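Nothing here was measured: the structure is a model prediction, and the numbers come from that model.
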Amino acid sequence: MNSMKIRRTAIAVAAAALLPFALAACSDSDSDTKAAPTAAAGDAAQTAAVTPSGDSMTGDQPFGPACAGVPKDGAGSFDGMAKDPVATAASNNPALSTLVAAVKQAGLVDTLNNAKDITVFAPTNDAFAKIPKADLDKVLADKATLTKILTYHVVAQKLTPKQLENGSFETLEKGMVTTKGSGEAYKVNDTSNVVCGNVKTANANVYIVDTVLMPK
């Protein structure tokens with residue numbers, strides 16, 4: 001009888017001694033299981049932090065095939081243009097010389113330079129070359145018509161590439177321009193391609209386009 005009581009007591013003591021170790025082992029197993037997803041989530045977050053999304057690939061930099069033709073330094077470079085108001089900045093870009101001449105002819109240099117937070121869709125020399133010379137000369141000689149066309153290329157707010165994805169904006173001419181696209185490919189009015197976009201000047205965002213926009 002005494003031996004049975006002693007044996008039961010010994011078993012109870014042994015069980016009591018082993019129980020904390022068993023619980024600790026279970027606890028460690030659970031924490032390992034829970035820690036694994038946490039670590040995995042941390043790894044995923046770290047990967048996301050170093051891998052830019054598609055929308056941020058362009059960032060805040062100029063983009064488009066014609067950007068390669070912009071001078072690397074000097075007043076006509078991207079850094080140089082960012083320091084000057086838009087009409088002055090355009091005058092330092094060789095690809096925009098016809099536009100600059102038209103702006104001067106219309107007497108819009110001060111208007112554009114003194115405007116705040118605008119967007120200019122700036123046609124290249126090649127864009128103006130698509131217009132028959134006789135027609136272009138006629139427009140350049142008609143200040144009212146020229147002013148109407150040029151102010152149709154200006155929007156009274158700074159537009160980001162994101163806003164161009166599916167946009168409709170009133171111009172200084174009071175007409176509307178529409179934009180669509182994504183990434184580094186955008187069209188204005190379904191006819192004019194942005195060939196160098198998101199160019200910054202002191203008072204404007206400039207999107208250089210390959211076709212002159214005509215008011216409707």
Side-chain angles (χ1 to χ4, degrees), residues 62 64-71 75-76 78 80-81 84-159 161 163-164 167-181 185-216:
C67 291
V70 174
F78 292 128
M81 292 177 72
D84 291 322
V86 64
T88 302
S91 70
N92 294 318
N93 188 320
L96 301 177
S97 59
T98 304
L99 172 63
V100 171
V103 168
K104 290 179 178 178
Q105 185 74 14
L108 292 174
V109 172
D110 289 341
T111 299
L112 294 178
N113 275 349
N114 293 326
K116 291 184 179 181
D117 298 333
I118 59 175
T119 293
V120 177
F121 295 103
T124 62
N125 295 343
D126 289 341
F128 281 101
K130 293 179 182 179
I131 302 173
K133 187 177 185 306
D135 293 340
L136 181 59
D137 288 345
K138 185 177 180 180
V139 168
L140 291 173
D142 184 342
K143 187 174 180 178
T145 300
L146 182 60
T147 299
K148 183 179 178 69
I149 292 172
L150 293 176
T151 54
Y152 183 66
H153 289 74
V154 183
V155 174
Q157 60 176 304
K158 284 186 176 181
L159 300 176
Q163 289 175 285
L164 299 188
S168 180
F169 309 100
E170 185 178 20
T171 69
L172 295 190
E173 183 268 337
K174 300 303 181 185
M176 302 295 292
V177 293
T178 59
T179 59
K180 66 180 181 180
Y186 296 91
K187 276 185 175 292
V188 185
N189 286 356
D190 291 320
T191 59
S192 190
N193 297 297
V194 174
V195 293
C196 183
N198 208 29
V199 179
K200 305 296 177 60
T201 74
N203 67 326
N205 286 351
V206 178
Y207 293 88
I208 300 174
V209 295
D210 66 358
T211 304
V212 177
L213 306 175
M214 291 296 180
K216 298 176 182 178

Does the side chain of [X] reach to within under 4.5 Å of the side chain of [Y], using non-hydrogen atoms?
X    : Y    : answer
V154 : V86  : no
V188 : V194 : yes
P85  : T201 : no
V139 : D135 : no
N205 : K200 : yes
V177 : S168 : no

*How far does OG1 of T119 sit from OH of Y207, to the nearest 0.5 angstrom?*
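Here the interatomic distance stands at 6.0 Å.
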query: Rounded to the nearest 0.5 Å, what separation is found between the CG atom of N189 and the NZ atom of K180?
result: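 Answer rounded to 0.5 Å: 10.5 Å.
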Heavy atoms only: give me the nearest V212-P123 pair and the separation to one decimal.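 So the two residues come closest at CG2-CB, 3.9 Å.
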Q | With T151, the side chain to side chain contact (heavy atoms under 4.5 Å, CB included) member among T171, L108, T111, L112 | A |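 It is L108; the other options fail the test.
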- Query: How would you list, by chain and number, every residue that makes a side-chain contact (heavy atoms from CB on, under 4.5 Å) with K138, sequence neighbours excluded?
  - Reply: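 Once residues adjacent in sequence are excluded, K138 has no partner under the side-chain contact (heavy atoms from CB on, under 4.5 Å) criterion.
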Self-check item: N125: side-chain contact (heavy atoms from CB on, under 4.5 Å) partners, not counting sequence neighbours
Solution: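 Result, side-chain contact (heavy atoms from CB on, under 4.5 Å) vs N125: S97, T98.
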